[in-house]
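The structure appears right after this line, and notes come after that.
Chain identifiers are assigned alphabetically (A, B, ...) following the order of the sequence lines, protein sequences preceding nucleic acid strands; residue numbering begins at 1 within each chain. Please read these numbers as outputs of a predicted model, since none were measured by experiment.
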Amino acid sequence: MHGELAASWPLKGVTIVATDKKLLLIDGNSVAFRAFFAMHDALDSMTNHDGLHTNALYAFRNMLKNILEKVDPTNVLVAFDAGKTTFRTKKFAEYKGTRARMPGELAEQLPYMHKMLDAMGIKWYELKDYEADDIIGTMAKEGAAAGMAVTVLTGDRDLTQLASDRVTVQVTVKGGGQLEAYTPASFQADLGITPKQFIDMKALMGDNSDNYPGVNKVGKVTARKLVQQYGSVEGIYEHIDAMKPSKMKENLLNDKEQAFLSKDLATIRTDAPITVGLKDTDYSGPDTAALRAVYEELDFNSFLKDLAPDEADAVVQKDLPVTPLTSAVLTKALAGKAPKAVMIEMLGDNYHTEPVIAVGVGTPDQWYVATSDEILRDKLFQSWLANDAQVKYVFDAKRNYVAAHRFGATINGIDFDMLLVSYLLNTVDNSNDLGAVAAQHGYHGVEPDATVYGTGKKRQIPEGHDVFVQHIAHKMAAVYNLKDQLIKDLQDHAQLDLYTDLERPLAIVLANMEIAGIKCDPDTLRKIGASLKDRLRDLENQIYTEAGHEFNINSTKQLGTVLFDEMKLPPVKKTKTGYSTSVDVLEKLQDQSPIIQEILNYRQLAKIQSTYVDGLLTTIHPDGKIHTRYIQTLTQTGRLSSQDPNLQNIPMHQDEGKQIRKAFVPSHDGWELFDADYSQVELRVLAHVSGDKNMQEAFKENRDIHANTAMKIFHLSDPSQVTDNMRRQAKATNFGIVYGISDYGLSQNIGISRTQAKEFIDAYFEQYPQVKTWTEQIVKTAREQGYVETIMHRRRYLPDINAKNRNLRQFAERTAMNTPIQGSAADIIKVAMINMAQALQQQKLQATMLLQVHDELIFEAPKEEIPILAKLVPSIMDSAVKLAVPLKVDSSSGATWYDVK
DNA sequence: GCCCTCACG
DNA sequence: ACGTACGTGAGGGCC
């Protein structure tokens, strides 16, 4: 009685039947595929100590765990395909003929999957000449006949034909994270057919992926209609004579043989000659010792923890040997020539000001940790830090270098910077958290800082002293232990030179620029602020008068209400949350009301006031300087970014904002600022990488590239025919190419029609044909290898390059074109910076490099050194790398940053 | 913490 | 039919 009632109750997609036996059948190959692609982004970061990829194993194990918990089976079998040839390929040679071979990175994981299943006490099976589907079909039938509740787990919808009262088919969707249950009822609801009729539908439709044909011109909709009407393929042909003449009838008659063949191929066998029986599938849980060995082999430390939490904790989180780091133990702690990990710990991001809460040094044999900053003033420690011959491993060289400098110490001999190396290996998700970065590389067991210290207002030094010093020790151990693996990965990527010759020395150059800082005169800022305050008050009043009442102009919501509801101006564009009030929208409304111009002026001045007057004033240090932080491990292209404050976006284009630059001055009397910037560096890189002869010629002959492009796209014969407007449009087109052009984007940017934009682009590619070839080639390369590279082998992965979602895919395509250009330009100026720092030192100049703004370097120097810089800086910058076209550098000097440009 | 807007190359 | 230039950081509003 109870059983019958329960039978009609689907619970978690599993039908409960009278017997308490539950059989779980898993389509090993298809779930492995899903697992592999679900964690494809992590492919390169997930390898074990032998370099074996483990992403599919990791995800497969998680999927397995989920389904085991969900079904709680008494019997389990995982079926695998035995090989490429099966009875189906004997019947139809082309069957699955178009399938790409299994990626090598997945194939290498399959033997370990088998090993893991063995250790889990789960039977797995493959059968020559049959697919996993047929093994599952046959076992499902046996299980159902024995009264068991059968669940099939697969990533392939073809298996849904097995659904019945006793068999539920769970299909992994959304990268394997979720399941979709197929039952006879769900079939009826979705398609109006039975699971068995799904075979007939597939027979008529054909299957591109399995590469069998079906009937010409019959797709999903027609196939479903035919099956609903006639019941089966056989039913259709029994009644075909009665059908009215039509193209479809003709196709059905022509392809009759194919339809029956396809049905045969699509039908999963339930009578395969399998040599396993239900009794072989008894499941009673894993052999813990064997499973531990497998997880250890795969470096699955988090799974080890799950396996036996207490025991595994002892393995992963076991106490490391730590001694307090004091002057008394220094001789011992720093003895020997062996490399040592070093760590200067601060809670917050801004290492220019954050208190140092701990200092650590050591090797896995013995760690030394101090929980104050005192040791940084110790002369012996300082001389060890400064000793280039003492090899050091760190996480974030620049951070440690700058912090040490505050105590009068200099760190030399940094060999391994785990953060920097990790960023070069994969630019994505490089958090500042050591534990997270270590985990990315398969090294688990370092707690995230947020766990140990807390976040936000609650962030603090842990109360337990041991917890604190152990955390520091575990972090140093991770750095130490990951060194060999990460350096090997760099070598495998051909990125070792990028690291040792470029990024690693650059970290020190940047540290010294940050430490130098740039002097900023608060009085200049305050004067600008006072004048802005008056003008803003006037504008506010005018705007309130126009609007008829006061409101918060800074609130886009309130502004939208005023403009579009109250004043009835036509809304041009919407955002996710309401009306858009951005500059391009307001400019379109400009002639409709004087309020628009007032708002534009207000916005412009308010931005200068809040971000550049008030904002900058709060960032001036007691030494009268601004010390930004260049973030070296953030951008996806290899550029730097600048924070606290951002000195890479100080106003330039409009005179009002540009006044801010007058506050940036030299730090000594009798000194000046000196500025040098690359001219058209990105387009020169494009001319180089594309090999385009026309573009290269323009640069070799030092022509105005935008005018040159204008002549080409407007088909002019003489430079004098180029009008300002033509040059402007040509310039935008040049930029568009660098950004990975679209006709829509270009049309929006320069306010022309989409058709016209398309004409520009076509003309452009006609005139620079090798640029066109290059854009096509780089996208193809990205598709094939999954990443693109700069001239210095900086790498950016583009997981979306093969996405089904068009937006994602096209975005990845534009990125594939832009990153080699923007990134190579970043490489070039980085080389120049290193050479520049070296030259200043060698020539014993007082001149100091202060800022980098992507294609521009800013120095300060005694006036008498300015003529030297005027020769030296451009020559070093334009010879940083040798391209197929010359690099050009413009420079100037002046009393303030305003005056140098 | 997210959204919008706007500053730079 | 649909959303679109590439790469960043910061301030203010609002929930």
From the list A/His653, A/Gln659, A/Lys658, side-chain hydrogen bond (donor to acceptor under 3.5 Å, both in side chains) partner of A/Asp655 resolves to A/Gln659
Can you list the residues that meet the side chain to side chain donor-acceptor pair (under 3.5 Å) rule with A/Gln495, with sequence neighbours excluded?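 With neighbours one apart ignored, the set is A/His493.
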[N] to [M] separation - [atom1] atoms, rounded to the nearest Å:
N	M	atom1	result
B/dT5	C/dC2	P	23 Å
C/dT4	B/dC3	P	14 Å
C/dA1	B/dC6	C1'	32 Å

Do A/Asn734 and A/Thr709 meet the criterion of a side-chain donor-acceptor pair at a distance under 3.5 Å? yes
Choose from [options] the nucleotide whose nearest atom is closest to any side-chain atom of [X].
X	options	result
A/Thr577	C/dG7, B/dC4, C/dA5	B/dC4
A/Arg814	C/dG13, C/dT4, B/dC4	C/dT4
A/Gln558	C/dA10, C/dG7, C/dC14	C/dC14
A/Asn807	B/dG9, C/dG13, C/dG3	C/dG3

Can you give me the closest heavy-atom contact between A/Ile737 and A/Val771, atom names plus distance? CG2-CG1, 3.8 Å
Considering residues at least two apart in sequence or located in another chain, which fulfil the ring pair (Phe, Tyr, Trp, His ring centres under 6.0 Å) criterion with A/Phe811?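 Counting only residues at least two positions away or on another chain, A/Phe811 forms no ring pair (Phe, Tyr, Trp, His ring centres under 6.0 Å).
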Is any side-chain N of the basic residue among [X] and [Y] closer than 4.0 Å to the acidic one's carboxylate O?
X	Y	result
A/Arg639	A/Glu682	yes
A/Asp827	A/Lys830	no
A/Glu776	A/Lys780	no

Could you tell me if A/Arg629 sits above the aromatic ring of A/Tyr351, with its cationic atom closer than 6.0 Å to the ring centre and no more than 45 degrees from the axis?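 Yes, A/Arg629 and A/Tyr351 form such a contact.
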Do any of residues 581-601 of chain A sit with a heavy atom less than 4.0 Å from DNA chain B, and if so which?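 Close to the strand are A/Thr581, A/Ser582, A/Val583.
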Mind listing the residues from residues 630-657 of chain A sitting with a heavy atom below 4.0 Å of DNA chain B? Number order is fine.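 Of all residues in residues 630-657 of chain A, the ones placing a heavy atom under 4.0 Å from DNA chain B are A/Arg639, A/Gln648, A/Asn649, A/Ile650, A/Pro651, A/Met652, A/His653.
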Contact nearer the 5' end of DNA chain C, comparing A/Gly745 with A/Ser555: A/Gly745
Contacts of A/Ala511 meeting side-chain contact (heavy atoms from CB on, under 4.5 Å) (sequence neighbours excluded), chain-then-number -> A/Lys398, A/Tyr401, A/Val402
Stem list for DNA chain C, please, built from Watson-Crick and G-U wobble pairs under 3.5 Å and keeping only runs of at least 3.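 For DNA chain C the paired stretches long enough to count as stems (3 pairs minimum) are B:1-9 with C:6-14.
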Under 4.0 Å: is that the gap between some side-chain N or O of A/Thr575 and OP1 or OP2 of B/dC4? yes
Answer yes or no: side-chain N or O of A/Arg603 and base N or O of B/dA7 forming a donor-acceptor pair under 3.5 Å. no
Quiz question: going by heavy-atom distance under 3.5 Å, is there a donor-acceptor pair between the base of B/dC6 and the side chain of A/Lys607? yes
A/Arg754 has an atom CZ; how far is it from atom P of C/dC2, in whole Å?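 In whole Å, C/dC2 P lies 13 Å from A/Arg754 CZ.
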